[in-house]
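No hydrogens, no waters, no symmetry mates; every other heavy atom, side chains included, goes into these values. Computed from a predicted model, the values in this text were never measured in an experiment.
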Amino acid sequence: SQENLLLDYVRRLEKHKAGRKVVILHLSALRPFNRRDQHIRAAASNFDQLISDMTGQLFTLKNADIYFIFKSEALPEVETLVQKIKFLFDDDPLVAEEDKQTQSFASWYDADDDFPAILNLVQSVAQSEIADARLWPVSPAWATVCRQASPAWPRSTSKRGDLHAKPHPGFHRTSEC
């Protein structure tokens with residue numbers, strides 16, 4: 001997952017944190033209609049040139065937040081890109097009423113000065129992703145799809161005869177059954 005890749009990247013960043021910065025775009029705080037996949041992809045695509053220039057690395061998390069870790073010399077360009085992305089969502093209360101919001105649109109960190117905070121933040125994101133993967137309930141519709149794809153799919157029934165929300169302990173949920 002992107003969360004685990006981000007955690008691995010940040011751990012490796014510790015040895016090379018000098019001259020690096022991190023910006024987190026809190027797109028998960030946007031209204032649901034602004035968090036559609038096409039909106040998140042459009043926001044992330046703004047960083048394509050910096051990624052291809054090997055100036056930074058982008059991580060788009062499942063909750064729609066975007067983490068961009070980059071070389072300090074690209075700061076003016078990244079600030080411009082963040083403003084450009086903000087304009088994509090200017091009708092959202094997170095941006096339109098930013099001075100009244102407790103959550104900001106973007107958080108900025110200097111990897112050299114703020115590394116412990118960055119690492120703690122990324123570890124908590126990765127841990128919550130792991131917890132979600134373990135606890136995310138399997139819906140009856142999902143279970144039906146998995147049973148059709150694999151008749152040996154783990155199944156347990158309740159007194160009513162329908163599927164429990166929790167998967168069998170040996171079942172590891174993936175995008176495929």
side-chain contact (heavy atoms from CB on, under 4.5 Å) partners for [X], two or more places apart:
X	value
Leu75	Lys21, Phe70, Glu79, Trp108
Leu119	Leu7, Val10, Arg11, Phe115, Gln123
Ala29	Leu94, Gln103

>> According to salt bridge (charged side-chain N to carboxylate O under 4.0 Å, His left out), does anything in residues 33-61 pair up with another residue at least two apart or in another chain? List the pairs.
In response: none
> Phe59 and Val125: side-chain contact (heavy atoms from CB on, under 4.5 Å), yes or no, with the steps?
Replying inline: CA-CA 12 Å; Phe59 299 90; Val125 166; over 6 Å; no
> Any donor and acceptor pair, going by atom type alone, linking the side chain of Thr80 with main-chain N or O of Pro76 inside 3.5 Å?
Replying inline: yes
Closest heavy-atom pair and its distance - [X], [Y]:
X	Y	result
Pro116	Asp113	CD-O, 4.5 Å
Ile118	Ala111	CD1-CA, 3.8 Å
His16	Arg20	O-CG, 3.3 Å
Ala106	Val23	CB-CG2, 4.1 Å

Tell me, do [X] and [Y] make a side-chain contact under 4.5 Å, heavy atoms counted?
X	Y	answer
Leu30	Leu27	yes
Val22	Asp114	no
Glu3	Lys62	yes

> Stepwise, does the side-chain contact (heavy atoms from CB on, under 4.5 Å) test hold for Ser124 with Gln127?
Replying inline: CA-CA 5 Å; Ser124 69; Gln127 285 300 321; 5.6 Å; no
> Can you pull the ring pair (Phe, Tyr, Trp, His ring centres under 6.0 Å) pairs that have at least one residue in residues 17-52, sequence neighbours excluded?
Replying inline: Phe47-Phe68
> If you round to the nearest 0.5 Å, how far is NZ of Lys71 from CG of Leu50?
Replying inline: 10.5 Å
> Atom CG in Leu61, atom OG in Ser28: separation rounded to 0.5 Å?
Replying inline: 8.5 Å
>> Go through it in stages, so that I can follow the logic: the residues are Ile66 and Ile24, the test is side-chain contact (heavy atoms from CB on, under 4.5 Å), and I'd like the CA-CA distance, side-chain angles, deciding distance and then a yes or no.
In response: CA-CA 6 Å; Ile66 294 177; Ile24 303 168; over 6 Å; no
List the atom pairs, with distances to 0.1 Å, where a side-chain N or O of residues 81-91 and a protein N or O form a donor-acceptor pair under 3.5 Å, not counting sequence neighbours.
{"residue": "Lys84", "atom": "NZ", "partner": "Asn46", "partner atom": "OD1", "Å": "3.3"}
{"residue": "Lys86", "atom": "NZ", "partner": "Glu98", "partner atom": "OE1", "Å": "2.6"}

>> Apply side-chain contact (heavy atoms from CB on, under 4.5 Å) to residues Phe105 and Leu25 and explain how you reach the verdict.
In response: CA-CA 6 Å; Phe105 180 78; Leu25 304 182; 4.0 Å; yes
